[in-house]
Amino acid sequence: MNHSAEAHRLEVGDVAPDFTLPATALPGEEGPGAQQFHLHDEIATAESGVVVYFYPKAETPGCTKEACDFRDNLNSLRAAGYTVIGISADPLAKLEKFQDNHGLNFRLASDPDHEVHRAYGAWGEKNSYGRKSVGTIRSTFVADRSGKIVRAMYNVRATGHVARLRRELGIDA
């Protein structure tokens, strides 16, 4: 295997790479258009931490399932002190439509150059149904109030992922 092509993976205890990306507004915020999502600012104001998840493409079955799962569990995540941000390479206009179409109650950020994907090890070679390709590796990270990674989950399945995350974070189902 060519290890030079492998993405650097984050591990528990690593400092979460800071980033600023254009993101959708939260429901009820003034006007459409890009907001800026600054991880450092979100960590500073979160009670427990920030859940950062990477997904391949808005409006695809798996990504829609995962986003709706986060939507349906957001109140319990917020009650436990977590902010959620979903990141994909999709343009912001597509993310706004995805958010509206599915009533998503958390921000979605656009990373078209895959810089943040790469910083988190969420961009690289993947194997899907026996076919190798390069793209987004469905991944979820939790950064605590100190900015350290407390969960680093790679190659997660869209179905059941949020329930597993809630269990690992000690949030009652």
Quiz item: By side chain to side chain donor-acceptor pair (under 3.5 Å), which residues pair with Glu47, not counting sequence neighbours?
Solution: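 With sequence neighbours excluded, Glu47 shows a side chain to side chain donor-acceptor pair (under 3.5 Å) to no residue whatsoever.
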Quiz item: Would Val142 and Val50 count as a side chain to side chain contact (heavy atoms under 4.5 Å, CB included) if you check the C-alpha gap in whole Å, the side-chain angles of each, and the deciding distance to 0.1 Å?
Solution: CA-CA 6 Å; Val142 180; Val50 179; over 6 Å; no
With rounding to the nearest 0.5 angstrom, report the [atom1] to [atom2] distance, [X] to [Y].
{"X": "Ile87", "Y": "Phe141", "atom1": "CD1", "atom2": "CZ", "value": "9.5 Å"}
{"X": "Leu104", "Y": "Leu108", "atom1": "CG", "atom2": "CG", "value": "5.5 Å"}
{"X": "Ile43", "Y": "Leu39", "atom1": "CD1", "atom2": "CG", "value": "4.0 Å"}
{"X": "Phe19", "Y": "His117", "atom1": "CZ", "atom2": "NE2", "value": "10.5 Å"}
{"X": "Phe106", "Y": "Arg78", "atom1": "CZ", "atom2": "CZ", "value": "9.5 Å"}
{"X": "Arg118", "Y": "His114", "atom1": "CZ", "atom2": "NE2", "value": "6.5 Å"}

Decide yes or no for [X] and [Y]: does some side-chain heavy atom of the first lie under 4.5 Å from some side-chain heavy atom of the second?
{"X": "Val116", "Y": "Trp123", "result": "no"}
{"X": "Ile85", "Y": "Val51", "result": "no"}
{"X": "His102", "Y": "Glu59", "result": "yes"}
{"X": "Arg167", "Y": "Arg164", "result": "yes"}
{"X": "Leu169", "Y": "Arg151", "result": "yes"}
{"X": "Val156", "Y": "Met153", "result": "yes"}
{"X": "Lys126", "Y": "Ser133", "result": "yes"}
{"X": "Thr140", "Y": "His161", "result": "yes"}

Are any side-chain N or O atoms of [X] and backbone N or O atoms of [Y], one a donor and one an acceptor, separated by less than 3.5 Å?
{"X": "Asp14", "Y": "Glu11", "answer": "yes"}
{"X": "Thr24", "Y": "Arg107", "answer": "no"}
{"X": "Lys132", "Y": "Glu125", "answer": "no"}
{"X": "Asn75", "Y": "Ala79", "answer": "no"}
{"X": "Asp90", "Y": "Ala58", "answer": "yes"}
{"X": "Gln99", "Y": "Ala25", "answer": "yes"}
{"X": "Asp113", "Y": "Glu115", "answer": "no"}
{"X": "Arg145", "Y": "Ala46", "answer": "yes"}

If you compare all heavy atoms of [X] against all heavy atoms of [Y], which two are closest, and at what distance to 0.1 Å?
{"X": "Ser110", "Y": "Leu21", "answer": "O-CD2, 3.4 Å"}
{"X": "Gly160", "Y": "Asp69", "answer": "N-OD2, 4.1 Å"}
{"X": "Cys63", "Y": "Pro56", "answer": "SG-CD, 3.4 Å"}
{"X": "Leu92", "Y": "Ala23", "answer": "CD1-C, 3.6 Å"}
{"X": "Arg9", "Y": "Asn155", "answer": "NH2-ND2, 3.4 Å"}
{"X": "Pro17", "Y": "Ala119", "answer": "CG-O, 3.5 Å"}

Quiz item: Does atom NE2 of His40 have more than 12 heavy-atom neighbours from other groups under 6.0 Å away?
Solution: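 Check fails, neighbour count at 12 or below.
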Quiz item: Heavy-atom count around Lys57 NZ within 6.0 Å, excluding the residue itself: above 12?
Solution: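 No - once you tally the heavy atoms of other residues, nucleotides and ligands closer than 6.0 Å, there are 12 at most.
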Practice problem: Determine, using ring centers only, whether Tyr154 and Phe54 are less than 6.0 Å apart. | Solution: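 Distance test on ring centres: not under 6.0 Å, no.
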Exercise. Under the side chain to side chain contact (heavy atoms under 4.5 Å, CB included) rule, what do Tyr55 and Ile137 come out as? Steps first, then yes or no, please.
Key: CA-CA 7 Å; Tyr55 62 97; Ile137 298 164; over 6 Å; no
Quiz item: Please walk me through it: do Phe98 and Thr64 pass side chain to side chain contact (heavy atoms under 4.5 Å, CB included)?
Solution: CA-CA 8 Å; Phe98 185 48; Thr64 300; 3.5 Å; yes
